[in-house]
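Right, one structure below, let's go through it.
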Amino acid sequence: MKPDDVFYMRLALAAASEAADRDEVPVGAVVISDGTVVGRGFNRREESQNPLGHAEIFAIEQASRHFRSWRLSHCTLYVTLEPCIMCVGALLQARLGRLVYGCLDSKAGAVESLYRLCEDARLNHQLPVTGGVLADEASAMLALFFQRLRERKRRSSPVAGA
């Protein structure tokens, strides 16, 4: 872990909080280059009704526009949840310099949990990774979101036998 990793992960957590405020799964991401935020995103799949609406995709798109380049080898992406297959593919395609993530994703994680795509030597780019930065905070935010979602669904569903 590098000295600024906690600081930048807190920025990603703030973005995740924005997603939660919009009833989106609270995942946030920031792209950093030379100490500057050049890309930022949070999940917006429900809002956009688009399966590509992941935090990492928005952050990468913004960084690419900032540099007018798809090559982001000088950048680090901070994201609150271990990226899925689609997002790791985007990170590799962008030739990202480094990935830092918060908590593991046991159902879709493609960095460590289910797959290890960032270190797969068969691919044309490997990506240095640091995981577990503020993992407890990221995990707690997700757990609270899904607990509240389940409670809302229980309250809105008709009571059996009534």
Check this for me: does any side-chain nitrogen of one of R122 and D120 sit under 4.0 Å from a carboxylate oxygen of the other?
yes

Between R10 and D5, is there a salt bridge with N-O shorter than 4.0 Å?
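Salt bridge: no.
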
Set out, in order, the CA-CA distance, both residues' side-chain angles and the distance that settles side-chain contact (heavy atoms from CB on, under 4.5 Å) for S73 and L96, then state yes or no.
CA-CA 4 Å; S73 57; L96 206 75; over 6 Å; no

Got a donor-acceptor contact below 3.5 angstrom from the [X] side chain to the [Y] backbone?
X	Y	answer
S156	R152	yes
H74	D34	no
E112	L104	no
S69	R71	yes
Q126	E119	no
D4	F7	no

Are the side chains of [Y] and [X] in contact, using a 4.5 Å heavy-atom criterion?
X	Y	value
L127	L92	yes
C118	L99	yes
P83	L91	yes
H66	L72	no
V31	Q62	no
L77	V100	no
V111	L117	no
R154	E151	yes

Can you confirm whether more than 12 heavy atoms, excluding those of F145, are under 6.0 Å from its CZ atom?
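Atom CZ in F145 is packed in, count exceeds 12.
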
Using a 6.0 Å cut-off, check whether atom CZ of R116 has over 12 heavy atoms from anything other than its own residue.
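Yes.
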
Pair H125, L123 - check side-chain contact (heavy atoms from CB on, under 4.5 Å), show working.
CA-CA 6 Å; H125 180 67; L123 300 172; 6.0 Å; no

Donor-acceptor pairs are to be reported for all side-chain atoms of residues 21-30 against protein atoms at under 3.5 Å, with residues two or more places apart or in another chain.
| unit_1 | atom_1 | unit_2 | atom_2 | d |
| --- | --- | --- | --- | --- |
| R22 | NH1 | E47 | OE1 | 2.7 |
| E24 | OE1 | R45 | N | 3.2 |
| E24 | OE1 | E46 | N | 3.0 |
| E24 | OE2 | E46 | N | 3.1 |
| E24 | OE2 | E47 | N | 2.6 |

Find out whether the Lys NZ or Arg CZ of R44 is both under 6.0 angstrom from the six-membered ring centre of F42 and within 45° of the ring's axis.
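Positive - R44 is close enough to the ring of F42 and near enough to its axis.
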
Check ring-ring contact (aromatic ring centres under 6.0 Å, His included) between Y78 and all other residues, then give those that pass, not counting sequence neighbours.
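So Y78 forms a ring-ring contact (aromatic ring centres under 6.0 Å, His included) with Y8.
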
Hey, mind stepping through V6 and M9 against side-chain contact (heavy atoms from CB on, under 4.5 Å) and telling me if it holds?
CA-CA 5 Å; V6 169; M9 186 59 73; 5.7 Å; no

Using distance only, find each side-chain donor-acceptor pair of residues 53-61 under 3.5 Å and give its atom names and separation, not counting sequence neighbours.
none

